[in-house]
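Read the structure below first, then the notes.
Each chain gets a letter, A, B and so on, in the order the sequences are listed, and its residues count up from 1.
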2 protein chains.
Amino acid sequence: MIKLSKKVEYAILALQYIAENSSKTNTAKEIAENLTLPYEFLSKLLQTLMKKGLLVSQLGVKGGYKLAKQISEITVEELMNALDERSNIVDCADGDSNCCSRTEICDIRSPIMNLQEQINNIFKNTTIANLKNNL
Amino acid sequence: MIKLSKKVEYAILALQYIAENSSKTNTAKEIAENLTLPYEFLSKLLQTLMKKGLLVSQLGVKGGYKLAKQISEITVEELMNALDERSNIVDCADGDSNCCSRTEICDIRSPIMNLQEQINNIFKNTTIANLKNNL
DNA sequence: CAAAAATACGATTATTTTTATCCGAATTTA
DNA sequence: TAAATTCGGATAAAAATAATCGTATTTTTG
């Protein structure tokens, strides 16, 4: 619980890899091999990032991916939003007021939402570029 | 992802309930009924909290649970530790240096650990008493 | 133009984690 | 001794996560 999914973890590594090799287009295969990540899974994930505007892709031979924006401009929050629908720490944090049977008497909702915001702020204030050693 | 487990959610509600009824011992059944939580599940959970020293239990008829310490003295971090083994956002954050094949070249480990600490601080600075409306 | 190297996309499967339940034993009170 | 309760182990069900498969489409290159 309270953990990053493999998707997010792999994506961070992949984005950093692409950033380091920004002079060329990087194929999913090459990235997977160099980072020792499952190709098919990574491939899906890159496609998602492309659709969400974090990557630009080129089809066909000589195809691959490039960054659509600098990794210093991509926050962890943005990445998580791109890869997963929700990042709510509790179900009712997403605005569904009838998420649980005790909604009317639920005393913890608003303070939990506050916790949520604090966590979001951390992810909002951390970029993919920040998540690297030896800066 | 990045969400509180039901265990933690139910435990927060239960601890607050017990705090509000601290003059008596509260049975798992009563708590479950009043909060509309699954009895068996809650029951297990309370037993765990007892073993971890957050609750005191009394066996037999007239048995039940009481707080072992004030909810203003129980942090969310303490509760999560009591209920779940780990609260690491990534697997390798728990000190296992061979958790992934890319450990030696993994650039993101230390910054991720930093993220981890920031999140832990939030949970460390929030008590169960804090997680209540209208304080 | 044909073959090869890629991404694109939908479906499906496998694995793990989370949530929930069942049952029998031990304890305490009345 | 019966009832109400916690205790503890095992198991099951459900959900989420992770991974794979197969096929189509696009593009380059020989």
Can you tell me how far [atom2] of [N] sits from [atom1] of [X], to the nearest Å?
X: K51(A); N: dC9(C); atom1: NZ; atom2: C1'; result: 7 Å
X: L55(B); N: dT5(D); atom1: CG; atom2: P; result: 17 Å
X: M50(A); N: dT26(D); atom1: CE; atom2: C1'; result: 12 Å
X: L4(B); N: dT18(C); atom1: CG; atom2: P; result: 12 Å
X: L45(B); N: dT18(C); atom1: CG; atom2: C1'; result: 13 Å
X: Y10(B); N: dT19(C); atom1: OH; atom2: P; result: 7 Å
X: L46(B); N: dG8(D); atom1: CG; atom2: P; result: 14 Å

Among [options], which nucleotide has an atom closest to any side-chain atom of [X]?
X: K6(B); options: dA20(C), dC7(D), dA8(C); value: dA20(C)
X: S57(B); options: dA6(C), dT6(D), dT21(C); value: dT6(D)
X: Q47(B); options: dT7(C), dA19(D), dC7(D); value: dC7(D)
X: Y65(B); options: dG9(D), dT6(D), dA8(C); value: dT6(D)

Counterpart residues, side chain to side chain donor-acceptor pair (under 3.5 Å), relative to E20(B) (two or more places apart):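 Side chain to side chain donor-acceptor pair (under 3.5 Å) check on E20(B) returns K132(B).
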
Checking E30(A) now: which residues fulfil salt bridge (charged side-chain N to carboxylate O under 4.0 Å, His left out) with it, not counting sequence neighbours?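 Scan of E30(A) (salt bridge (charged side-chain N to carboxylate O under 4.0 Å, His left out), adjacent residues dropped) gives K24(A).
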
Can you list the residues that meet the salt bridge (charged side-chain N to carboxylate O under 4.0 Å, His left out) rule with E33(B), with sequence neighbours excluded?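 Per chain and number, E33(B) pairs via salt bridge (charged side-chain N to carboxylate O under 4.0 Å, His left out) with no residue.
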
Please tabulate, for the side chains in residues 46-53 of chain B, all donor-acceptor contacts under 3.5 angstrom to protein atoms that are two or more places apart in sequence or on a different chain.
from   : atom 1 : to     : atom 2 : distance (Å)
T48(B) : OG1    : K44(B) : O      : 3.1
K52(B) : NZ     : A82(B) : O      : 3.0

Are any protein N/O atoms closer than 3.5 Å to N/O atoms in nucleotides 23-30 of chain C? If there are, list each pair with its distance.
from    : atom 1 : to     : atom 2 : distance (Å)
dT27(C) : O2     : G60(B) : N      : 3.4
dT28(C) : O2     : V61(B) : N      : 3.2

Phosphate OP1/OP2 of dC22(C): any Y39(B) side-chain N/O under 4.0 Å: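 Answer no for this pair, as no side-chain N or O of Y39(B) is under 4.0 Å from OP1 or OP2.
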
What's K44(B) touching, base or sugar-phosphate or nothing? Going by heavy atoms closer than 4.0 Å.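 Base contact.
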
Identify each donor-acceptor pair in which a side-chain atom of residues 61-72 of chain A lies under 3.5 Å from a protein atom, sequence neighbours left out, and give them as a table.
from   : atom 1 : to     : atom 2 : distance (Å)
K69(A) : NZ     : E78(A) : OE2    : 2.9

Testing the 3.5 Å rule here: is there a donor-acceptor pair between the side chains of Y17(A) and N26(A)?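 On atom types as modelled, these side chains do not qualify, holding no pair under 3.5 Å.
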
Would you mind reporting whether I119(B) and F123(A) have side-chain heavy atoms less than 4.5 Å apart?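 In contact.
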
